[in-house]
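Below, chains carry the letters A, B, ... as their sequence lines are ordered, and counting in each starts from 1.
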There are 4 protein chains.
Amino acid sequence: MATQKLNVAMIGSGFIGKVHSNAFRQVGHFFDLPYALTLSVICGRNRSKLEAAATQWGWEEAETDWRALIDRKDLDVIDIAVPNALHAPIAIAAAEAGKTVLCEKPLATSLEEAERMAAAVRNLPNLVWFNYRRIPAVVFAKQLVEEGRLGQPFHYRGLYLNQSGNDPSKASGWRYKASEAGMGAAGDLLSHSIDLALYLNGPIVELSAMTHTFAPGRDVDDAAMLMARFANGSIGSFEVSRYGVGNQNRNDFEMNGSQGMLRFRLDEMNRLGFYDATEVANLRGVREITVTGPNHPYWENFWKPGHALGYEHPFIATLGDFLNSMARRETFHPNFEDALAVQRVLDALERSASSRSWVTMPPSAE
Amino acid sequence: MATQKLNVAMIGSGFIGKVHSNAFRQVGHFFDLPYALTLSVICGRNRSKLEAAATQWGWEEAETDWRALIDRKDLDVIDIAVPNALHAPIAIAAAEAGKTVLCEKPLATSLEEAERMAAAVRNLPNLVWFNYRRIPAVVFAKQLVEEGRLGQPFHYRGLYLNQSGNDPSKASGWRYKASEAGMGAAGDLLSHSIDLALYLNGPIVELSAMTHTFAPGRDVDDAAMLMARFANGSIGSFEVSRYGVGNQNRNDFEMNGSQGMLRFRLDEMNRLGFYDATEVANLRGVREITVTGPNHPYWENFWKPGHALGYEHPFIATLGDFLNSMARRETFHPNFEDALAVQRVLDALERSASSRSWVTMPPSAE
Amino acid sequence: MATQKLNVAMIGSGFIGKVHSNAFRQVGHFFDLPYALTLSVICGRNRSKLEAAATQWGWEEAETDWRALIDRKDLDVIDIAVPNALHAPIAIAAAEAGKTVLCEKPLATSLEEAERMAAAVRNLPNLVWFNYRRIPAVVFAKQLVEEGRLGQPFHYRGLYLNQSGNDPSKASGWRYKASEAGMGAAGDLLSHSIDLALYLNGPIVELSAMTHTFAPGRDVDDAAMLMARFANGSIGSFEVSRYGVGNQNRNDFEMNGSQGMLRFRLDEMNRLGFYDATEVANLRGVREITVTGPNHPYWENFWKPGHALGYEHPFIATLGDFLNSMARRETFHPNFEDALAVQRVLDALERSASSRSWVTMPPSAE
Amino acid sequence: MATQKLNVAMIGSGFIGKVHSNAFRQVGHFFDLPYALTLSVICGRNRSKLEAAATQWGWEEAETDWRALIDRKDLDVIDIAVPNALHAPIAIAAAEAGKTVLCEKPLATSLEEAERMAAAVRNLPNLVWFNYRRIPAVVFAKQLVEEGRLGQPFHYRGLYLNQSGNDPSKASGWRYKASEAGMGAAGDLLSHSIDLALYLNGPIVELSAMTHTFAPGRDVDDAAMLMARFANGSIGSFEVSRYGVGNQNRNDFEMNGSQGMLRFRLDEMNRLGFYDATEVANLRGVREITVTGPNHPYWENFWKPGHALGYEHPFIATLGDFLNSMARRETFHPNFEDALAVQRVLDALERSASSRSWVTMPPSAE
């Protein structure tokens, strides 16, 4: 099926670069692809580390200057897997050069940056790696919501906790500096929760938030809370922390509606909890659905029903869907616009936290 | 409603006597009773301990000789809450005196005793305290089975584990001596699992078993395993141990049939797991039903839906149902016949274990 | 041990009255009491229902006018188990008559009422039925906090969800009317969460909140959210709803500190989750402790280790502790002062929600 | 690091062939390899399906006759991923040609075959794909056992349930025919449980078993149960079924010893339950350890701590370890000898089930 060639350059050689390399390597094994991908260039600052990664994952070239990639006519796709502060300059330059642009989340370090980025890619295929959207259980939740299985929406509840801030060995990296990360836990973790909420429950119309920094002298948030009203009439609560000791990478959501409930926990990512309030009263209960098939999202792409998927599979599914939507010239989601919508919420969160007041969200551009 | 008087004597002043005292005290608070119960006599060997218990629970008299109770015309009910070896002499004497007899489980220390006991009470109201049968979740499981929600029965699986044998402070009591207890873990714990299995899944037709004693010099089993065929075509596995370290009082069962599954865990006694295999494939999952109402067994007797019951409530429900069935002159279950059926399985287990061979159960008297 | 007599009058004959009757009946069975309790009078508006309750629970008299109780010299204790709007007039009258006063939660329908009530009882033994404080797992959590097992406190998280508001059969009672209840879900349910938070994590210094009413025309909140800063430097999030479909009576809390985490779920009330961050890294994990002994709170009062307690036991423990503290002339907690502290938070919540702004808590009287 | 070339031929193009293809593709991304692997030939019966698989996974050639591979000097490794009845002829032929042989489980359709196979490969590098051994949580369990964390061993408990037999769409394949599969559920599923038991708990000395076939006319077992005594003094129970409705792919084990307990559930494959009975009594509880690091098996090979692994990762780890042990000329486990030990247990199971008696295991060759 794959006839057209697509040459990929990835900028970034850290943990998330490894995850992207894996997705580029694996996508053709699990998805019918309209393109023949070539892993052309991996780009990073540390040459020896870079060459090791190139060898390990089969990137054809290693390059230390990302600007050198932009002008190369042979490169079709620029994938951005570097600290947040570099997203904007790279994405905008790549877009101006007409590249297909893939970018890690959060999109930017400020709303202004995010707006410029979204404008820059508007007529190009583009993607933002909000990977959790394509966990089969999450896609299935979306499907159940769209089928109206929850009835009138009442509540959305998002919680993202890890304990990295409490670990002295971790808390000194770029994620803990405003100049490189923009925000702290809110940008890094809450952005995922907000993206899932917008995806599953629609736009937020107003919010009130607080942020908190536990570590003396740190200039980004360690934790944040947010109360929100959604356009669909439901209300939402969100909490994020890097000091959620006892939780390694907890990303939960729950939705309550007049006819049912959905509950997801990243710790048990192959399951979705579903409560059907329309059943006869004495048989009601939260059922744990193992969302690996049959008839679940992606069940024919990966393994057999009952065989667990892991952290990397949603990245692969994101890429597989993206390439197919690109070939069909359709708009892919989550894209820069979706990530801009998340950034608007993060921006409102910061404004609310600093002003200690409610903030009304601007009406969506849609 | 209560007009006829019923004078109760309870023999036993240990832990289970406390549980029975509570049931006698509480039953009228949660059930409409056809009788006015009087807690007439508590009987035990240690007078000072006995008088404390009498005061604490409001027994009118304390007595140290159980034989003195048998001839008293003023006593209607004899409740037996003493070590197993005393069950037979007390129950048979009480039955010969025309008393209503209530007895703790396991019924006896041998099949021969159990047969004599069951014969003795045959024309009298009688009860055996297999308390777990009246956990609302278990009664609800029975109801779902009877509705045919499981389809063709495939499997029954019973597991009862505690860790008492591994605890030097516990392992010297009467429960660890053949002369007083008859059997070890099999009589004490597995008898519960077998009773639930016979109740929920019907008679066993043949079995093969093994027993094991970990403690040197102990003359009762510490653990047992059992493979069985049931009359309904399903097969069953059972395991019991007092060396199941990590499990304090774990009593689980699971039933698999062509149309569904039921799963119960005593550790979460207010819940029943139910899997409906007739649902559309992508919505199938084990649902955890909180069996505290509405429309669940005993939901109007105790608290409100969502409010947990504990260990003592099934005892109260057992007694409430018994008294009402007695007034209606109906046969109550579990009674001595039911406990005799359990004893037959325990006897077969012992014979199988010692002969290292399969044992065919005699056809039930029914 | 019990020599002094104490005559009790209980006002209220609904569900919670049943729970209190049970506590009065049962407390002497599980606690050594310094008083001989007499269940003297049950008081309510509906005579026939009242007489049924009196018969069922053994109250000596039934009375329909609570004012008639106040002047009776023979009554020592007034227990208030009626709709919230009646708490203040009864409690104040009873206090003025020198009675020992026990009152259901939330204490009052307004802060002003609560202040008057707390002032009225100040020199009398008094109790507020924040029953969840005396769940053994909660008391054990308190003990671990006091031992410093959590280290520096980072987060407190309280969640209370039921689905009563979504049930047309329930949503018309007094709990849904401002004139009788004061507040809605916030008063009824969140009051529990706040009480636990103040007990376990200390005072709140400021908060921002929102409330929401889903049902048209209803004049109390159906849901509320709250972001808070505690005096100990931690931050807290709270959410409550009667529209938490899928949750029957969910009352969860979690505390994260530099050295550990505690997690409680009312749905599994006999367990406490504990994560010890000081252990060697590869053995860290949330352990589920079954808090029924040995050496757990109340383990010698009720059943044996591994035997579940239910909804009513914390009421019994509350009463048992209260009577003993009263005999020792010690201040009991939770008392009217503690409930006043909860009311101050609820009042701040309302002011914050209506003003859409942060509210600073007045410094505690302590 | 990889300098020596290794040309691989894989025989099989079904589901498990896909899993192996993935392992061959991925192993170099996560493990430092002493060999440069080439995916030379994929072999199967259906040419069009084969060519699709070759294209998808990058096998250089497709071949329909496995015998044609044996004589090719350019092929170093023969990987067998075909129905069980073909394992012996292929493995023996490949061994005779001096190939490195990798084989799916169960090793053979009979003990006699397995013995010949093990003899054939004895002096060649060889592997059997008992994949579950290399789940990080399982390797960590092994480590804790070897550290003596369980104390004196009491119990091993293995349970493997799926519901494939109850699914008309599945139950007609080769796995349900004695001529192709040898055994049914016992060979397919219980072999995994037995392998884990031998790995974690050592040799079995005697056993009693039963098998059952639910489907009329089927000539393999649908379910089996087994009671066993281990050489280390512990006793074991095992159950397997393809009629375990409600369980998709449930593979659980639990080990109880005098000092602790370990519990694993494949449904939550990234976790290990550990109970430490040496802790102070009131802090004991089963802790759920997320075995993704730090300092857990393979934590530096795959993703970061807290990031879930899935079904395929243990295959990759098996292959990575195998290739490294091969380069070091060390014996790899699980190998044909290990699989022969499993086959001996399966053979004893069949003999016990048909003779309805206990069977003593021959002393191990070790």
**Study point:** Steps toward side chain to side chain contact (heavy atoms under 4.5 Å, CB included) verdict (B:E206, D:R356)
**Key:** CA-CA 12 Å; B:E206 63 168 2; D:R356 295 167 61 90; 2.5 Å; yes
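- D:A277 and B:V245 get closest at one heavy-atom pair: CB-CG1, 3.9 Å.
- Using a 4.5 Å cut-off on side-chain heavy atoms (C-beta onward), D:N166 and B:F154 make contact.
- Both the backbone and the side chain of D:Y243 come within less than 4.5 Å of a heavy atom in chain B.
- Only the side chain of D:Q163 comes within contact range of chain B, with at least one heavy atom under 4.5 Å from a heavy atom of that chain.
- For a residue to count as touching a neighbouring chain, one of its non-hydrogen atoms must lie under 4.5 Å from one of that chain's; by this rule D:R284 does not touch chain B.
- Interface summary for chain D: among B:A209, B:S357, B:G285, B:G273, the most heavy-atom pairs under 4.5 angstrom belong to B:A209.
- Residue with the most contacts toward chain D among B:H155, B:Q259, B:M261: B:H155 (heavy-atom pairs, distance under 4.5 Å).
- Of the two parts of B:L159, only the side chain, counted from C-beta on, holds a non-hydrogen atom closer than 4.5 Å to a non-hydrogen atom of chain D.
- Counting heavy atoms from C-beta on, the side chains of B:S208 and D:M225 never come closer than 4.5 Å.
- Of all residues in residues 234-242 of chain D, those placing a non-hydrogen atom less than 4.5 angstrom from a non-hydrogen atom of chain B are D:I235, D:G236, D:S237, D:E239, D:S241.
- If you measure heavy-atom distances from D:L161 to chain B, the contacts under 4.5 Å come from the side chain alone.
- Heavy-atom pairs under 4.5 Å with chain B were tallied for D:Q248, D:R157, D:Q152; the largest tally goes to D:R157.
- For a residue to count as touching a neighbouring chain, one of its non-hydrogen atoms must lie under 4.5 Å from one of that chain's; by this rule B:R263 does not touch chain D.
- Near-neighbour residues of residues 249-258 of chain B relative to chain D, defined by a heavy atom under 4.5 Å from a heavy atom of that chain, comprise B:R250, B:E254, B:N256, B:G257, B:S258.
- For D:L150, no part lies under 4.5 angstrom from a heavy atom of chain B.
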